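Inspection log for the structure reproduced underneath, given as structure tokens.
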Amino acid sequence: MCGIVGIVGSTPVNQSIYDALTVLQHRGQDAAGIVTLESNRFRLRKANGLVRDVFEARHMQRLQGSVGIGHVRYPTAGSSSASEAQPFYVNSPFGISLAHNGNLTNAADIEESLFKEARRHVNTSSDSEILLNILANQLEKAASYPLSPNDIFSAVRAVHKIVSGAYAVVAMVIGHGLIAFRDPNGIRPLCLGRREVDGKVEYMVASESVALDAVGFDFVRDVAPGEAVYIDFNSELYTEQCAENPALHPCIFEFVYFARPDSFIDKVSVYSARVCMGQKLGEKIKREWYDHDIDVVIPIPETSCDSALEIARTLDKPYRQGFVKNRYVGRTFIMPGQHMRRKSVRRKLNAIRSEFKDKNVLLVDDSIVRGTTSEQIIEMAREAGARKVYLASAAPEVRFPNVYGIDMPSANELIAHGREVDEICKMIGADGLIFQDLDDLVAAVADGNPDIKEFETSVFSGTYVTGDVNQQYLDYLESLRSEDSKAREIQQDLANLELHNEGV
Ligand SMILES: O=P(O)(O)OC[C@H]1O[C@H](OP(=O)(O)OP(=O)(O)O)[C@H](O)[C@@H]1O
Ligand SMILES: NC(=O)CC[C@H](N)C(=O)O
Ligand SMILES: [Mg+2]
């Protein structure tokens, strides 16, 4: 899951984009980038690392201009090389720079046709660079110069027809303006904000509403699935629906894990959704474990805390913060390799022994994906003296790969793939394990916006909303991105060129 941001302002935007990216850091910890536009030239700084490490004062000084876009990356296609950090740039037509959150499901096919039909070369293995070239190729077809808003919308319309998968996009076109659009299923989030500074209107788009809050923009609305937003450099806003059959299918995993609780996505408060997940799971525990002997409810920080508190309330049991989180260790799930993820759990969390000693504890996590966290946490609870250790997951069993921007490419890496609850329970060493039902999860999120009729739930259900994902594609994805394949790729990465990078 990456984070994207774009601002058309009237004063320098470098600091606001930096601040917004910092607030979106939880969506990608691997790389960060900002492109600003000054006097018809793009200024770029991107590199691997956290926002605070990538942008030093000297880079910020060079990122001049009152328009810009930014990106924090969690790689889900291509490699982790700095050359695949975003935004990407093409010089023709006009000069375009683009940042993308999501994953394309037909990247290989369109890369081939891009070359055959348009002689466009893509210099990395990133699907986002392909997407940029598709957009560029379509903008090139417009007859008029300068481009009208209609030309922009026609290009996005064509992009929707060519590209499949998940994509929330922000792009800047030299001499024109900022374009933002969301795929026809609205799988990845994108929202629009506005503010007035000294009587001048400024616009911002961002993956999550928290980014708008952080830099003082008022939330206007979510960008609709399939819709494109065009803001020219005079701050004129144009919007149009560019998809033939748009239908909102937001990724339910955003609500389970990815997004910040203080964000609203498609009108749903992420925090309220998590509280509701806790309430529904609490009810299930009461129903199915009616004679339970739980003494205390303990969250596995950080994402599960809101659900865990509500489970404790529903069960009428005390809630205790039995694990302390080291605030200097990031999210483990979005770290790039299993070795690093495993190592980080114990560095990140430590038990307060008194909360475990001689107690039957119910640990709560938002989700169990590879089982890396739960296995070690249960061990730690026992080492701290717990008598019995139960585990509850606020999401159902994650059984299927994700193809839309979450790095779960291989079913075999998922602990619940092909296993029933008892077996998983044994593997992680718990005395009891309970998962949320998918219907309850859906109801918990839909409670915040009953207009959402369907969610993208593939990791739980195996149903992929874009309709183009079959076993052959999943096998192909696994061959590209499983742990083993990534390990092989690391060597090749070293040979990657870092083009367009001013700021090393
Ligand atoms: O079963 P696994 O493969 O371990 O993945 C699931 C775990 O990873 C995430 O935590 P993470 O440390 O990434 O972030 P958090 O601090 O936001 O909970 C998530 O909240 C679960 O705890
Ligand atoms: N998680 C994402 O949104 C990643 C975007 C893009 N597929 C990349 O790997 O850079
Ligand atoms: Mg966690």
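Only a predicted model underlies this, so the values are computations on that prediction, with no experimental measurement involved.
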Inset, instruction - Would you tell me whether Q61 and R58 have side-chain atoms, one donor and one acceptor, within less than 3.5 Å of each other? - result: no
Inset, instruction - Classify the ring geometry between F255 and F455 as parallel (under 30°), tilted (30 to 60°) or perpendicular (over 60°). - result: perpendicular
Inset, instruction - Test salt bridge (Lys or Arg N to Asp or Glu O under 4.0 Å) on R260 and E254 and set out the steps. - result: CA-CA 9 Å; R260 260 178 57 148; E254 291 276 353; over 6 Å; no
Inset, instruction - Starting at OG of S80, measure out to OH of Y74 and round the result to the nearest 0.5 Å. - result: 10.5 Å
Inset, instruction - If a pair satisfies salt bridge (Lys or Arg N to Asp or Glu O under 4.0 Å) and one of its residues is in residues 202-213, list it, with sequence neighbours excluded. - result: R27-E208, R195-E202
Inset, instruction - State which residues pass side chain to side chain donor-acceptor pair (under 3.5 Å) with Q471; sequence neighbours excluded, sorted by chain then number. - result: D475
Legend entry - Separation of Y167 OH from L98 CG (nearest 0.5 Å): 12.0 Å
Legend entry - Modelled atom types, side-chain donor and acceptor of N106 and S164, under 3.5 Å: no
Legend entry - Y18 and H59 side chains, donor-acceptor separation under 3.5 Å: no
Inset, instruction - Output the distance between atom CG (L391) and atom CD1 (I368), rounded to the nearest 0.5 Å. - result: 4.0 Å
Legend entry - Spatial distance of atom CG (L248) from atom CD (E456) [nearest 0.5 Å]: 11.5 Å
Legend entry - Qualifying salt bridge (Lys or Arg N to Asp or Glu O under 4.0 Å) pairs with a residue from residues 160-175, counting only residues at least two apart or across chains: K161-E244
Legend entry - Those residues that, when tested against D266, pass side chain to side chain donor-acceptor pair (under 3.5 Å) (two or more places apart): R182
Legend entry - D468 versus T105, side-chain donor and acceptor atoms under 3.5 Å: yes
Inset, instruction - Would you confirm whether E111, through its side chain, and I130, through its main-chain N or O, come within 3.5 Å as a donor-acceptor pair? - result: no
Legend entry - Over 12 non-hydrogen atoms of neighbours within 6.0 angstrom of CZ in R221: yes
Legend entry - Derivation of the salt bridge (Lys or Arg N to Asp or Glu O under 4.0 Å) call for E140 and R120: CA-CA 12 Å; E140 197 157 0; R120 278 185 176 266; 2.7 Å; yes
Legend entry - Main-chain N/O of A99 paired with H71 side-chain donor or acceptor, under 3.5 Å: no
Legend entry - ring-ring contact (aromatic ring centres under 6.0 Å, His included) partners of Y404, counting only residues at least two apart: none
Legend entry - Gap between atom CG of L480 and atom OG of S79 - 0.5 Å precision: 12.0 Å
Inset, instruction - Determine yes or no for a side-chain-to-main-chain donor-acceptor pair under 3.5 angstrom, with K46 supplying the side chain and A85 the backbone. - result: yes
Legend entry - Residue list, side chain to side chain donor-acceptor pair (under 3.5 Å) with Q15, at least two apart or on another chain: D19
Inset, instruction - Let me see the working for N412 and S410 under side chain to side chain donor-acceptor pair (under 3.5 Å), right down to the final yes or no. - result: CA-CA 5 Å; N412 296 322; S410 163; 4.6 Å; no
Legend entry - Ring centroid separation F233 to H176 under 6.0 Å: no
Legend entry - F219 ring center within less than 6.0 Å of F264 ring center: no
Inset, instruction - Output yes when a side-chain donor or acceptor of R399 lies under 3.5 Å from a complementary backbone atom of A416, and no otherwise. - result: yes
Inset, instruction - Check the side chains of D365 and S393 for a donor-acceptor pair under 3.5 angstrom, ignoring hydrogens and angles. - result: no
Inset, instruction - Tell me yes or no: between the side chains of Q64 and T36, is some donor less than 3.5 Å from an acceptor? - result: no
Legend entry - From T457 atom OG1 to L438 atom CG, the distance as rounded to the nearest 0.5 Å: 5.5 Å
